[in-house]
Amino acid sequence: MLLKIIRIVYHAVATAITIIGFTVILLFLVGIRPYAVQTGSMEPEIMTGSLCFVNQNVSFSEIHEGDIVAFRLDGGMLVTHRVKEVREDGFVTKGDANNTEDATIITNNEYIGKTIYWIPKIGYLFMFLHTRNGMITGSCIFLVFFLAGFLFDNEEENGGKAHDK
């Protein structure tokens, strides 16, 4: 009975992982990228540790005041802030929790896309998986899960035959 429950849980998790995997691939194919928020500059709207989805298909010219956009600063740092003003030379941006506007005017060169959706706390998992320990942990979990699948399949196939003999 316990083995049957474990199999059901295993198959449910495997199905969920497959659906999430296909969803991420589909999002990538249509130009939507996930980014983890590492600071509180957009709180309370977007909390630290949120996973933001950025639509890279929204052109620079389609952005309006109040939109939340992702862009890269000179050092390569990714930032997600709200557009406070649209000017001829670019956007003036500001994090909702910041007291002042950003010093850099965002041009088409720095612009990545428009933030269209975010999920709180899931970004922490993505941040962890991008560390060395996270990659090792994730790989080990995947390997154990993969091997467990073979064990469950073999027990299902051999289980009935072994009892018939």
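Computed from heavy atoms alone, side chains included, the values below leave out hydrogens, waters and symmetry copies.
Ring to ring, Tyr111 and Phe71 are not that close: their centroids are 6.0 angstrom or more apart. The distance between the ring centers of Phe91 and Phe60 falls below 6.0 angstrom.
Look at Asp102 and Lys94 and you find no salt bridge, because none of the NZ, NE, NH1 or NH2 atoms lies under 4.0 Å from a carboxylate O.
Within a 6.0 Å radius of CZ in Phe128, other residues, nucleotides and ligands contribute more than 12 heavy atoms. Applying the 6.0 Å contact sphere to CG of Asp89 captures more than 12 heavy atoms from other residues, nucleotides or ligands.
Looking at Thr107, its side chain never comes within 3.5 Å of a backbone N or O of Gly90 through a donor-acceptor pair. For the pair Asn98 (side chain) and Thr100 (backbone), a donor-acceptor distance under 3.5 Å is absent.
At a threshold of 4.5 Å between side-chain heavy atoms, the hydrophobic network of Ile, Leu, Val, Met, Phe, Trp and Tyr places Ile17 and Val9 in one connected group. Hydrophobic clustering (side-chain heavy atoms under 4.5 Å, transitive across Ile, Leu, Val, Met, Phe, Trp, Tyr) groups Ile119 together with Leu27. There is no path of hydrophobic side-chain contacts, each under 4.5 Å, that joins Leu73 to Tyr35.
To the nearest 0.5 Å, atoms CD1 (Ile20) and OG1 (Thr15) are separated by 11.0 Å. Interatomic distance, CG of Asn55 versus NZ of Lys114, reported as 8.5 Å (0.5 Å rounding). Between the CD1 atom of Ile116 and the CG atom of Asp67 there is a distance of 12.0 Å, given to the nearest 0.5 Å. Remark: Ile63 CD1 to Ile106 CD1 distance equals 12.0 Å, nearest 0.5 Å.
Tyr124 has its side chain out of reach of Ile122: every pair of non-hydrogen atoms, C-beta onward, lies at least 4.5 Å apart. Using a 4.5 Å heavy-atom threshold, the side chains of Ile105 and Val92 count as touching. Using a 4.5 Å heavy-atom threshold, the side chains of Arg72 and Met77 count as separate. Counting heavy atoms from C-beta on, the side chains of Phe53 and Leu51 come closer than 4.5 Å. The closest side-chain heavy-atom distance from Ser41 to His81 is below 4.5 Å. Side-chain contact between Arg82 and Glu45: present, with at least one pair of heavy atoms (C-beta onward) separated by less than 4.5 Å. Put simply, the side chain of Ile32 does not reach to within 4.5 Å of the side chain of Gln56, judged on heavy atoms.
Smallest separation of non-hydrogen atoms from Thr115 and Val69: OG1-C, 4.0 Å. Counting all heavy atoms, side chain and backbone alike, Gly31 lies closest to Asn57 at CA-ND2, 3.9 Å. Shown here for Ala36 and Gly123, the closest heavy-atom pair between the two residues is CB-O, 3.6 Å. Of all the heavy atoms in Met135 and Leu129, the pair that sits closest is CG-O, 3.3 Å. Between Pro120 and Ser50, the shortest heavy-atom distance links the atoms CA-OG, 3.5 Å. Heavy atoms only, all atoms of each residue included: Ile46 and Cys52 are closest at CG2-SG, 3.9 Å.
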Self-check item: Verdict with reasoning, Trp118 to Ile68, per side chain to side chain contact (heavy atoms under 4.5 Å, CB included)
Solution: CA-CA 11 Å; Trp118 52 91; Ile68 299 173; 4.0 Å; yes
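Remark: Ser59 pairs with Ser61, Glu62 by the side-chain hydrogen bond (donor to acceptor under 3.5 Å, both in side chains) rule, at least two apart or across chains.
Exactly one of Asp96, Thr48, Val37 qualifies for a side-chain contact (heavy atoms from CB on, under 4.5 Å) with Glu43. That residue is Thr48.
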